[in-house]
Amino acid sequence: MSETRGNLGKSYDPRPIEDKWYAWWLERRLFEGNPDAEKPPFSIVIPPPNVTGSLHMGHALNNTLQDIQCRYKRMQGYDVLWLPGTDHAGIATQNVVERHLANQGISRHDLGREAFVDKVWEWKEQYGNRIVNQLKKLGASCDWNRERFTMDEGLSKAVRAVFVRLYKEGLIYRGKYIINWCPRCQTALSDLEVEHQESSGNLYHVLYRFVDADGGVTVATTRPETILGDVAIAIHPRDEKNRDLVGRSVLVPLVGRVIPIIEDPMVDPEFGTGCVKITPAHDPNDFLVGQRHGLESIQVIDSEGKMNESAGKYCGLDRFEARKAVLSDLDSQGNLLRVEEHLHSVGQCYRCRTVVEPYLSEQWFVKAKPLAEAGVEAVKAGRIRFVPEQWTGTYYQWMEEIRDWCISRQLWWGHRIPAWSCPSCGHITVSETDPDRCESCGCETILQDEDVLDTWFSSALWPFSTLGWPEQTPELSRYYPTSLLVTGFDIIFFWVARMIMMGLHFMKEVPFRDTYIHALVRDETGQKMSKSKGNVIDPLDIIDQYGADALRLTLAALTVQGRDILLSTNRIETFRFFLNKLWNASRLALASLEGKTRDRRIEPLSLRLHDRWILTRLDEVILETTRDLDGYFFGEAAKLLYDFVWGELCDWYLEMAKPALRGEEGESRKETTQGVLCRVFESVLKLLHPFIPFLTEELWHAFNFSDRSMQEEEWPKPDGEEKGSPVCLEQMAAFQEAVRAIRNLRAEARLAPQKTAPLVRADLKEGLEPLFRENSDLLKLLCRIERFEITSRNAPSPGKSLSAVLPQGSFYLEVEGLIDIDAEIGRLKQEMDKLAADLERSRAKLANVQFVTNAPAEVVGKERERLQEGEARILRIKENIQSLSVGE
RNA sequence: GGGUGGUUAGUUCAGAGGAAGAACGCUUCCUUGACGCGGAAGAGGUCGCAGGUUCGAGUCCUGCACCACCCACCA
């Protein structure tokens, strides 16, 4: 891998290097967990992407953050296992394959169950690896040898074991209830899989005539087609105005069925007319009312969303067609009294957006309450921590109001429910292995339940099923509980909460310690990215165009806890430019190191201010980056490194080191500077490696710091040497301020940047002389001036110099030719006025007894110093103005 | 109805008790031998509104407004 050594192109091009290094990392088996290692374990299970999936920005962010943590921990000496895999994604995958087949004019029913499932497997073998390869492009350091799939043999065994145990414990049951039904997908959905959307509809006021008298009651409904299934009218027990209706009977319009008027507390007497029609078969509330009152359930809509035989003349009509027909019939019979506009939320299938139908059917459920209680306990006890913390509340809220989880799906693709019913005695046999007879009566013609389990059922077991459970494997005991889960807030309920419940129940231990909930990636205007809006930024396009590192660094840098990410190519470019900056800084360093990059010694005696400064800053940056990564402050860490490299290392240190590196300061200075350069670059590359692994690895080998991968290197530590900090930080700041002020004067004098100014004289504050004397060569270099003189009480030469009055002293820039004295006086006066205003505030503050007595001595002292310094500065500016005026 | 987050420079966002910061954009200047994917210097903000706590408030407290999002069996 030495062919790149010392031979870097003029600008950074990610294309030739990324695949090369990824292959090398795999070859060196750097991503493999080792249960036998002496090192402490660190483990993450990947949120398994759907096999149908293609890498989108959410994945890119999610996996970048996981990869950063994994790479960081590896360098810190952990045995890291990042376990990858994919999810079979029941509905999604079945839909995709069905569409695939539909293009060839085949339906799944043409094929039959077995053949169809075979087709899905075929499809999975062919396309299911796409997202895995895309993760590799991103640089994900997963242990690919341990890749799992939710329908693997092992995981299927785990699913069965869990199902059977929960059934035996009474935590899984079967029953006929109203569930959410998608008429297009032809399956039940859990409550979570229904997305509610506000939409404007109508509230229809319909008259139900009394059986025995004129008149009737008016009922408001949004779904007139369900009138056909009405079995009662209900009012609230304490509804005085409708009180006397109770016990009377009315006729259901259009069908003429006689139904009673009953009382039930579910009715809100304030809403509509206070009278509610009860349709137990088509409304979850009405279903409960029906149960309480022993009412019949009349189903009028079938599984495809069409009206059935019970709907009489409307039979065969689609539910929305039927609504129109019913309305027009009601209207012509004089039963439609009023139509009101009404805003309400309509449930849609999260996969296909079809309006969900409340549907009465036999399904399997998990009794959630007892599991949820343990889940709440674990978080309250601090055994699991949400980061950012705010999500804890969201989690509690849902867990405390949790309802039973409908886990059966009328699909073919998924884990088939391990329950067999007996046609002779009706008993249900639930078993981990396929039984050959009814466990109750011994009948041998038992039939397996047709349904499969909700995809999320197997995902809920992911942290332990992937590690080998129910077998007691070394992996399971070493890596469970996992260290960290990184995921999006949108699946806290779907996945995180359920993993916690299942983990606690089956492992008696939480599935992970820290749960980092990351942001949603939106477009630059804050819109959610979606194909239909056409605002999607495809991570693969970005990787092609800018490289994986640029994408990773951008996502990490924009990751601030508690806020969404607004992504644009513009932002990616910014970070891409940074990579180029790092690349070029490395080229400079490399050219200056003369190939000697290992075992560099730094001679403390020949360190200059800027050397001590950059080494001190480096130590600070090392500590802060470590702290940030430990606390999952990705954005802070990335920005810190960005600023350090660009704003301190490149803009100041490298410029100041150039003369020494060229040998202009003698041999020992050259060697020492080279040593400093090595230390700084070595550390910076390490600190950046988790964020931008490809580029740093390339540079690492170009520098020839070692033959190993950066993943095998140690995370940097402060070197602990006394470098004169924090004095050197203060001195450097004073020096930088002077340089900026002089450069500012140059700009003021309209001196072209490349032009050398003849002379700067400085009248320095006491004690600062040595600093400026020792660094005058660098000051001259950075300010492009010919001579730098330190003199005392040095008034400006009238008409020939511009002055900058700083706390550390006055600096006079002499210019060729005369300056515009009026303009210069004006500028100085303006500066003085601003200073005077500030001083006024300081004086007022210090005159305030409350402030002086109550504020910490340190703050008061600082204020006094500020005032003193300011007063001195004003005096000097005044002198300058005066001498300019005299000269006039 | 319940809950969460946000409101700081033109834009996107940091900052969480001691004199307002960054990036992008904007203005002026510069092909200096790492980098024009660069360098230097600038302009730009009563930190959503109203109260309060404090010697001192983007920063803490209480209201309010507006913008997002989540949850809920809103006929």
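In this model, the phosphate group of B/G21 is not approached by any side-chain N or O of A/K639 to a distance below 4.0 Å at OP1 or OP2. Regarding contacts with the backbone of B/C71, every side-chain N or O of A/W391 stays at 4.0 angstrom or more from both OP1 and OP2. Between A/R866 and B/A19, a side-chain N or O to OP1/OP2 separation shorter than 4.0 Å is present.
Proximity note for A/D838 (side chain, C-beta onward) versus B/A23, B/A19, B/C74: the nearest is B/A19. Relative to the side chain of A/R576, the nucleotides B/C37, B/A41, B/C35 differ in distance, and B/C37 lies closest.
Ring planes of A/F681 and A/F703: tilted class, angle from 30 to 60°.
B/A16 and B/A57 have their C1' atoms separated by 10 Å, with the value rounded to a whole Å.
The base-pairing partner of B/G17, taking Watson-Crick or G-U wobble contacts with both distances under 3.5 Å, does not exist among the strands shown. Pairing partner, B/C60: B/G52, with both Watson-Crick or wobble hydrogen-bond distances short of 3.5 Å. The nucleotide B/U27 finds its pairing partner in B/A41, both defining distances of the Watson-Crick or G-U wobble pair being shorter than 3.5 Å. As the counterpart of B/A75, no nucleotide is assigned, since no Watson-Crick or G-U wobble pattern has both distances under 3.5 Å.
Within the 4.0 angstrom heavy-atom criterion, only backbone atoms of the sugar-phosphate kind lie near A/D651; the bases stay farther away. Residue-level contact check: A/S345 touches the bases, meaning some heavy atom is under 4.0 Å from a base atom. Within 4.0 Å (heavy atoms only), A/S11 reaches at least one base atom of the nucleic acid.
Of all the heavy atoms in A/V300 and A/H282, the pair that sits closest is N-NE2, 2.9 Å.
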